[in-house]
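Just so it is clear, the model here is predicted, and its values are computed rather than measured. Both ligands and their constituent atoms are indexed starting at 1 by order of listing.
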Amino acid sequence: MCFMMIGCKYIANANPKRFAKIVHPSAVGFVLVGTVLFFSVEMFYMLPRIYDTDGLFFKIAWLMALFIVYNLLGNMLACHRNSSAVTSLPKDRQIPCPEEKHLWHFCDHCQMLVPPRSWHCKVCECCILRRDHHCIFTATCVGHTNYRYFFWFTVYMHIGSLLSLATHVNLLIIDEQIRRQYVVLHFSRFFLFLKPMSCELIALNISFIINIYACILSLIMLGYQIPALYLNTTFYTPKDYRYNQGLLGNFMAFMGKRGLWTFISPSIRSPLPHDGTKWQTKQAPTTF
Ligand SMILES: [Zn+2]
Ligand SMILES: [Zn+2]
């Protein structure tokens, strides 16, 4: 994960346009192909071998899987479509009021004053309101407006990959014949790929390996995001506690007025308490 982040940051700084052209489609494709693969292998291959296809558990599993995929892809799309760019503000809010002017700072790239907590992104080529980080999986910057979608996208990626992993483990326990076909468990069987192997088993093995990776990746992403949500900080300013308004205040500032209910669907309306230009601090910001 660290190597991936350092590598991405290096390429993004060296050549932002090429970064957007190559890394964005690859990362988005990884999520889309991975989701289709997990879903197909899990629902059409693994689940019928575990549960009675006419039983209640099978139907509940189908409903849960559809709910998770809807929220995973829905939040991913909503994160991409809801821009947190300073330029997405109404024209009159892109200029500070006289009483706010001392809190805004000048961006050399945009050649304009930008609100507190806004920082420039070389890939997006604009300043982002309460910029958290540039996300390759949603092909956009995560900031004030779209943070909620990014957070739930990460949560659903983790829930989905955890449940998928649990299904793999369940199948491993109950079906010895399938267990013998898991390449990861019988490393010497890696060479099975060189021998004829059914498409189903190849998909099962690939999905198992990607599943482990997705589970760890989403856990690390959550490991960064939960403290940021809890303390009202950002990925790049994890020790700036000036904006901490308490758990409920921070939650509302990030998720909007409906708070936790945004967990249910990206389509739930949850207006944010402000437009991303007015940040209350516990103490007056230091002036340089
Ligand atoms: Zn800028
Ligand atoms: Zn960006």
Side-chain angles (χ1 to χ4, degrees), residues 1-32 75-97 100-154 157 217-218 220-222 224-225 228-229 233-238 240 243 253-254 266 272 274-279 285 288:
M1 177 73 179
C2 265
F3 287 119
M4 196 175 92
M5 283 177 62
I6 292 166
C8 282
K9 204 174 170 185
Y10 177 79
I11 302 167
N13 280 331
N15 197 331
K17 281 191 178 153
R18 184 172 289 182
F19 177 86
K21 252 186 193 168
I22 298 170
V23 178
H24 282 172
S26 313
V28 172
F30 173 78
V31 177
L32 295 180
N75 279 299
M76 182 182 170
L77 182 67
C79 184
H80 178 76
R81 294 187 63 178
N82 286 276
S83 172
S84 292
V86 172
T87 46
S88 68
L89 288 167
K91 286 277 178 222
D92 60 324
R93 288 302 301 143
Q94 291 180 32
I95 303 160
C97 314
E100 291 173 350
K101 202 171 179 178
H102 67 288
L103 298 170
W104 291 41
H105 58 276
F106 191 77
C107 173
D108 291 333
H109 302 276
C110 300
Q111 288 291 303
M112 64 188 274
L113 280 172
V114 293
R117 308 188 85 184
S118 301
W119 299 106
H120 193 81
C121 174
K122 281 186 181 175
V123 181
C124 298
E125 295 181 317
C126 59
C127 273
I128 305 294
L129 296 162
R130 198 193 66 77
R131 181 170 187 260
D132 194 83
H133 68 286
H134 186 91
C135 172
I136 55 170
F137 298 108
T138 55
T140 191
C141 251
V142 176
H144 176 67
T145 316
N146 58 0
Y147 182 86
R148 148 199 169 181
Y149 304 109
F150 171 75
F151 183 77
W152 292 128
F153 161 69
T154 315
M157 189 195 277
L217 177 72
S218 53
I220 294 171
M221 282 158 77
L222 278 178
Y224 280 113
Q225 294 308 317
L229 182 61
T233 56
T234 68
F235 181 79
Y236 289 109
T237 56
D240 184 359
Y243 305 97
F254 281 49
L272 291 161
H274 59 85
D275 61 7
T277 62
K278 299 167 189 287
W279 292 99
F288 297 98

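Residue side and main chain included, Cys127 places an N/O/S atom under 2.8 Å of the Zn ion (ligand 1). Inclusion of Cys126 in the first shell of the Zn ion (ligand 1) is not supported: no N, O or S atom falls under 2.8 Å.
For Thr233 (side chain) and Leu229 (main-chain N/O), no donor-acceptor pair under 3.5 Å exists by modelled atom type.
Taking the six-membered ring for Trp and the full ring otherwise, the centers of His134 and Trp119 sit at least 6.0 Å from each other.
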Given Thr234 and Arg130, is the side-chain hydrogen bond (donor to acceptor under 3.5 Å, both in side chains) satisfied, shown in steps? CA-CA 8 Å; Thr234 68; Arg130 198 193 66 77; 5.7 Å; no
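Counting non-hydrogen atoms of neighbouring residues, nucleotides and ligands closer than 6.0 angstrom, the NE2 atom of His133 exceeds 12 such neighbours.
Counting just the N/O/S atoms of His134, the one with the shortest distance to the Zn ion (ligand 2) is named ND1.
With the Zn ion (ligand 1) as the vertex, ND1 (His120) and SG (Cys107) define an angle of 110°, rounded to 10°. Atoms SG of Cys124 and SG of Cys141, as seen from the Zn ion (ligand 2), are separated by an angle of 120°, to the nearest 10°.
Relative orientation of the Phe137 and Phe30 rings is tilted, given thresholds of 30° and 60° on the angle between their planes.
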